[in-house]
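A quick write-up on the structure given underneath.
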Amino acid sequence: MELFNTLTRRKEKFIPGEPGRVKMYSCGPTTYNFIHLGNARALVVFDTIRRYLIYKGYRVTFIQNFTDIDDKIIKRAREENMDTIALAAKYVNEYFTDADALNVMRADVHPKVSEHLPEIVEMIGRLIERGIAYTIPEGDVYFSVRDFPGYGKLSGRSLDDMLAGARVEVDPRKRDAMDFALWKSAKPDEPAWDSPWGPGRPGWHIECSAMSLKYLGESFDIHGGGADLIFPHHENEIAQSEGATGKPFARYWVHNGFITIREEKMSKSIGNISLVRDLVKVFEPAALRSFLLSTHYRSQLDFDPGKMDAAVKGVNRLKTCLNLLEEGLTRADDSVGTNVDLEKRLEELRERFESAMDDDFNSALAQAVLFDLASEINSYLHQTAQPEQGILLKARTLFTAFNGVLGVFREENGRIVLKEEAGSDDLVAQLLDLIIGVREESRKKKDFATSDRIRDELKAIGIVLEDTPQGVRWKRN
RNA sequence: GGCGGCGUAGCCAAGUGGCUAAGGCGACGGUCUGCAAAACCGUUAUUCGGCGGUUCAAUUCCGCCCGCCGCCUCCA
């Protein structure tokens, strides 16, 4: 298995620090709002990577933090006249609603900054002791980039380059313009925590260093996040962690590309931020997830409602296949001879899927294999009146295995579930049975005017009827 | 200014120094159907932005040019 490592800027063979075990950390959201499509991409990308590692048999420990202490939260809380912790807690809950909708697995631990102040303070103290952080009279603590030799190694730039291109006004209290805050002293009405340097709050970057250290140790395998985090966030994390422990931090750095909306950068000023909350009202999560995985994770991905059509249709094709497969199983026979040819092709599909994912998690190619599997299944079912049970079960197992990695469809007890919502289903089903029965009578009498009218009008309210040799099928559109 | 990416069929999107350039959507023809739908079968890039170079051979490597985009500031 190979993955692209931002640190070395090339694909590398993946060798975990401990055989059979993978420790990974991904930067989670700052909880001051609902998550948007860009957050969703990062979530889905790292969830898929994690799922594939599990598929490969690794024991994976996955940590994703919540930044629940932050300037943006303070600002938002003021606007809403809320307590910062309460506001952050609210959006942590909202986060789970959206992440669950996207079929993103929960992390093993979702640590919050607010619950790790002692660890953070401890780490800052260590950096001061080691002489790579310093305090100023106001109570702020800064990291001294000149005292950490490797600064810039992740983003591939030198301190001098950065200074030349710096656009921010330099705080004269810093020793170097690139020094960044580890601890910010509190202004009068800001939330504050005690520390040896006075009341204040942690800087943005130190939390990930402190929490990854606590849950994964000094060195771990994969650290991920959006490409925008490479600098300064991840660069600073490396400086803090390696500065404090003297050990190499994460071995592999994985970054996902950005999402644009209709070819435009997603930003507040353009006003084109797409919230997951709104998107799932329009598109089913399976289609969103399929869309997010239809491009390689490092590439930029353009979201356009029009482009979602292909994803929606594609997912429908997969769903139809799953339904045909289940139907095929009801008329399958276990006494028919084995289909050696198909069995061989299924095995080839598994190999193709794995080599796609082994190659820097090429989910676009992996999805193509899933579509090929659907074609194989449909084709077999089409040409076989009496399908063989064993091969169908194998095909279903394979489909489920692929889906288990891509996470397109929800699964319960190892089986894919397609029903999006329950509820009134029983009544709807009964009414439809009734209507379909009446329509069948018209069809028998060749009263096609009536039968077509029923079909057309059902279609208008979102119910599609399909007449098949196995009877009438209906589905919601 | 510094760093990086991209340009493959109508759209989205993989990919490879030489073997039929994946897959999805769309379109077209056929099978099935009372008609549809779904599914199946087939067609849809002699060609991979342009120009040069390396090579027996380049879409794939190198150079230049054109076009597009991202990061360098809070941001997934």
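Chain letters run A, B, ... following the sequence lines, proteins first, then strands; residues in each count from 1.
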Just how far, in rounded Å, is [atom2] of [N] from [atom1] of [X]?
X       : N       : atom1 : atom2 : answer
Q367(A) : rA13(B) : CD    : C1'   : 11 Å
I35(A)  : rA76(B) : CD1   : C1'   : 10 Å
L293(A) : rA14(B) : CG    : P     : 12 Å
H296(A) : rA14(B) : NE2   : C1'   : 11 Å
I230(A) : rG70(B) : CD1   : C1'   : 11 Å
R352(A) : rG23(B) : CZ    : P     : 8 Å
Y297(A) : rG5(B)  : OH    : P     : 14 Å
Y151(A) : rC72(B) : OH    : P     : 13 Å

Ignoring hydrogens and geometry beyond distance, is a side-chain donor-acceptor pair present between [X] and [Y] at under 3.5 Å?
X       : Y       : value
S209(A) : S241(A) : yes
Y297(A) : N362(A) : no
T31(A)  : D68(A)  : no

Where the side chain of [X] is defined as all heavy atoms beyond and including C-beta, which of [options] is the nearest nucleotide?
X       : options                   : value
M266(A) : rG23(B), rA76(B), rC72(B) : rA76(B)
N362(A) : rA14(B), rC75(B), rG24(B) : rA14(B)
K265(A) : rG70(B), rG24(B), rA13(B) : rG70(B)
A310(A) : rC25(B), rA22(B), rA76(B) : rC25(B)

Classify [X] by what it touches in the nucleic acid, base, sugar-phosphate, or nothing, heavy-atom distance under 4.0 Å.
X       : result
G38(A)  : base
L229(A) : sugar-phosphate
H36(A)  : base
G28(A)  : nothing
I259(A) : base
A368(A) : base

Base paired to [N] (Watson-Crick or G-U; both N/O distances under 3.5 angstrom):
N       : answer
rC61(B) : rG53(B)
rA14(B) : none
rC6(B)  : rG67(B)
rC19(B) : none
rU31(B) : rA39(B)
rG1(B)  : rC72(B)

Please give the distance between the [atom1] atoms of [N] and [M] as a whole number of Å.
N       : M       : atom1 : answer
rC61(B) : rG42(B) : P     : 33 Å
rU33(B) : rG26(B) : C1'   : 24 Å
rG63(B) : rG5(B)  : P     : 12 Å
rG53(B) : rU60(B) : C1'   : 15 Å
rC12(B) : rU54(B) : C1'   : 34 Å
rC72(B) : rA58(B) : C1'   : 35 Å
rC32(B) : rC19(B) : P     : 39 Å
rA27(B) : rU73(B) : P     : 47 Å

Considering only NZ, NE, NH1 and NH2 on the basic side and carboxylate oxygens on the acidic side, decide whether [X] and [Y] come within less than 4.0 Å.
X       : Y       : value
D456(A) : R453(A) : no
D100(A) : R410(A) : no
D447(A) : R443(A) : no
R201(A) : D70(A)  : no
E348(A) : R352(A) : no
K56(A)  : D358(A) : yes

| said: Using OP1 and OP2 only, check whether a side-chain N or O of K307(A) sits under 4.0 Å from rC25(B). | reply: no

| said: If stacking means aromatic ring centre less than 5.5 angstrom from the base's six-membered ring centre, planes under 30°, is F258(A) stacked on rG70(B)? | reply: no

| Which letters describe nucleotides 28-44 of chain B, given B = protein heavy atom under 4.0 Å from base, S = only from sugar-phosphate, - = neither? | ------BBBBSBSS---

| request: Please figure out whether F291(A) or F371(A) has its closest RNA chain B nucleotide nearer the 5' end. | output: F291(A)

| Working for side-chain contact (heavy atoms from CB on, under 4.5 Å), residues L370(A) and N403(A) | CA-CA 8 Å; L370(A) 179 58; N403(A) 182 67; 5.6 Å; no

